[in-house]
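Worksheet: the structure to be examined is printed underneath.
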Amino acid sequence: MIQDLELIKKEIKYDKTLNCVQCGYCLPVCPTYITMGKETHSPRGRINLVKMVGEGKMTDLSIMEEPMDLCLGCRACETACPTGVQYGEILEGARSVLKKSKKSPMLQTLLLNKVIPSHKMMEQAGNAFWLYEKSGMQTILRKSGLLDKLPAHLGPFESIIPAAVSPKERARFPKRVQMESPGIMAQTGTDQNGEKRKKKYTVAFFTGCIMDAMFRRINQLSVELLAKAGCEVVMMENQTCCGALHAHTGDMKESKKLAKQNIAAFEKENVDFIVNNAGGCGAMLKEYDRLLEDEPEWLERAKEFAGKNKDISEVLILCGGIPVINHPPEKVTYQRSCHMTNVQKVKIEPVQLIKSIPNVELIEMNEGDMCCGSAGIYNIVNYEASMEILDRKMWNVKDTLATTILTTNPGCLLQMKLGVKREGLTQKVRVLHLVEFLAEAAGISS
């Protein structure tokens, strides 16, 4: 029950709901409205619930819980909205209020507040994945069928986790890589003839938390691509999780804490850009100024940080693209990251990079901008709803007859791999992060 209406109005961002004129332009782009067909599961329906709470017409906050939990947070509605409704802020506000009204599961709190922000713990997690794979335990468990009995439908996701990087290889990851390096360990800025190359940019690379634990190879390839394109790449110490998962669950306090840690870490070196390779992380990093807008001592620092943030595709285009070796004929389709498209507004650069590769035919899928159903941990906590959205996505993928699906976000990568498996296409269709595809085209070995 609501105790202080004025406080609640501020926390749920009631004033931002007033821009919504209930026109319905958001309906055709909302995945949950399309698959569930309920007004309360549409952007304007959710906004109306928030307005009713703010106006004291609805005093039971639990009525908002299911609609807000089932929102993907893809923010396609913001792109479609003719009046500029800041739906993302309204969603965060509602989730923050709901979080305060109930106790979070202990395991979720432990993972989000202790494990994920800890570089040491995430390194150990990455090493544990490697041991699980190399010890033969993975093979045994997969054959036993026990994985299908895991809670929260974790079994299907275990079957598509990427190959792990060894502890030895993890330990070799450098702190700084010079431009034009022939390999990730090279520390010279010279070509094969020993001639000096002109550096294009100095960039700091955002490694991420889950990205670095489970997708370290993509991070390695990202650094190599940047170096090959002419960048000096720096890995900043003390960087941590971007805070997106925390914001999505309504824990704005922890999200702000992580944002401040990242800002302080990246301020230690003057770089041209802060580069990420994950659409969701990049969106969060780019909105640090909004996140910290009520803290004057941090706001200007957050604005500078956010202004330097770029997706790797943007920087590679600024560098003039990548050197490409011969590539066999291939049909590909591109699954856009919602947060890269709708928040970062990065739409053209990935397509330019794909089209720059000889013999590659890009076939755009229908509803290409629509969410795949991953959305952070949405596909785990709302598995059935997520699979409905994924099935619709896979209908459109199959229509393209593409043999490769490209993505720019780790969650999308796993979700599309799961979609391929569910459709029985594992032997016919592969799923790659754009970085993996570009590295392959540039002759960089993984």
**Study point:** Where Leu316 and Ala229 come nearest, the two heavy atoms and their spacing
**Key:** CD2-CB, 3.8 Å

Exercise for review: Kindly say whether Gly373 contributes a backbone atom to a donor-acceptor pair with the side chain of Ser386 at under 3.5 angstrom?
Suggested key: yes

Check your understanding: What are the two closest heavy atoms between Asn262 and Cys242, and how far apart are they?
Key -> ND2-CA, 3.9 Å

Review point. Between Ile389 and Pro31, which heavy-atom pair has the shortest distance, and what is it?
Key: CD1-CB, 4.1 Å

Point to revise | Salt bridge present between Glu295 and Lys260 (N-O < 4.0 angstrom) | key: yes

Point to revise | Heavy-atom check, side chain of Val420 versus side chain of Ile405, under 4.5 Å | key: yes

Review point. Which atom names give the shortest non-hydrogen contact between Gly280 and Ser337, and what distance separates them?
Key: N-OG, 4.3 Å

**Study point:** Whether over 12 other heavy atoms sit under 6.0 Å from Asp294 CG
**Key:** yes

Revision key, fill the gap. One should read off an interatomic distance between Ile12 CD1 and Leu91 CG, to the nearest 0.5 angstrom, of 12.5 Å

Check your understanding: Would you call Glu349 and Arg336 a salt bridge, using N to O less than 4.0 angstrom?
Key -> no

Review point. What closest approach, in Å, do Pro162 and Met214 show between heavy atoms, and which atom pair accounts for it?
Key: CG-O, 3.1 Å

Review point. Is the side chain of Ser255 donor-acceptor paired with the backbone N or O of Met252 at a distance under 3.5 Å, no angle test?
Key: no

Exercise for review: Salt-bridge test for Glu367 and Lys393: reply yes if a basic N is under 4.0 Å from a carboxylate O, no otherwise.
Suggested key: no

Exercise for review: Assess Arg75 against Tyr87: is NZ or CZ under 6.0 Å from the centre of the six-membered ring, and within 45 degrees of the ring's axis?
Suggested key: no

Review point. Would you find more than 12 non-hydrogen atoms of other residues, nucleotides or ligands less than 6.0 Å from Ile380 atom CD1?
Key: yes

Practice item. Verify the distance criterion only: is there a donor paired with an acceptor across the side chains of Thr32 and Arg46 at less than 3.5 Å? Key: yes

Review point. More than 12 heavy atoms of other residues, nucleotides or ligands under 6.0 Å from NZ of Lys253: is that the case?
Key: no

Review point. Residues two or more places apart in sequence or in another chain: which of them pass ring-ring contact (aromatic ring centres under 6.0 Å, His included) with Tyr288?
Key: Phe305

**Study point:** Greater than 12 external heavy atoms within 6.0 Å of Lys398's NZ
**Key:** yes

Check your understanding: Below 4.0 angstrom, N of the basic side chain to O of the carboxylate: do Asp272 and Lys308 qualify?
Key -> no

Exercise for review: Check for a donor-acceptor pair, side chain of Gln239 on one end and backbone N or O of Thr207 on the other, with a separation under 3.5 Å.
Suggested key: yes

Check your understanding: With distance as the sole test, does Glu92 use its side chain to make a donor-acceptor pair with the main-chain N or O of Gly250 at under 3.5 Å?
Key -> no

**Study point:** Pair Glu423 + Lys428, salt bridge at N-O below 4.0 Å
**Key:** no

Exercise for review: May I ask you to check whether over 12 heavy atoms, not counting those of Glu237, lie within 6.0 Å of atom CD?
Suggested key: no

Review point. Under 3.5 Å, is there a donor-acceptor pair between the side chain of His433 and the main chain of Ala278?
Key: no

Exercise for review: May I ask you to decide whether Arg430 forms a salt bridge with Glu330, counting only side-chain N to carboxylate O separations under 4.0 Å?
Suggested key: yes

**Study point:** Residues, nucleotides or ligands: over 12 heavy atoms within 6.0 Å of Gln124 CD
**Key:** yes

Practice item. Would you kindly check if the NZ (Lys) or CZ (Arg) of Arg301 is within the cone defined by 45 degrees around the ring axis of Trp298 and under 6.0 Å from the six-membered ring centre? Key: yes

Review point. Any side-chain heavy atom of Lys303 within less than 4.5 Å of one from Leu292?
Key: no

**Study point:** Exercise: identify the closest heavy-atom pair between Met36 and Ala385
**Key:** CE-CB, 3.6 Å

**Study point:** Note: Glu169-Arg217 ion pair, threshold 4.0 Å (strictly below)
**Key:** yes

Practice item. To the nearest 0.5 Å, tell me how far Met284 CE sits from Leu291 CG. Key: 4.5 Å

Revision key, fill the gap. To the nearest 0.5 Å, atom CG of Asn127 lies from atom NZ of Lys168 at 14.0 Å

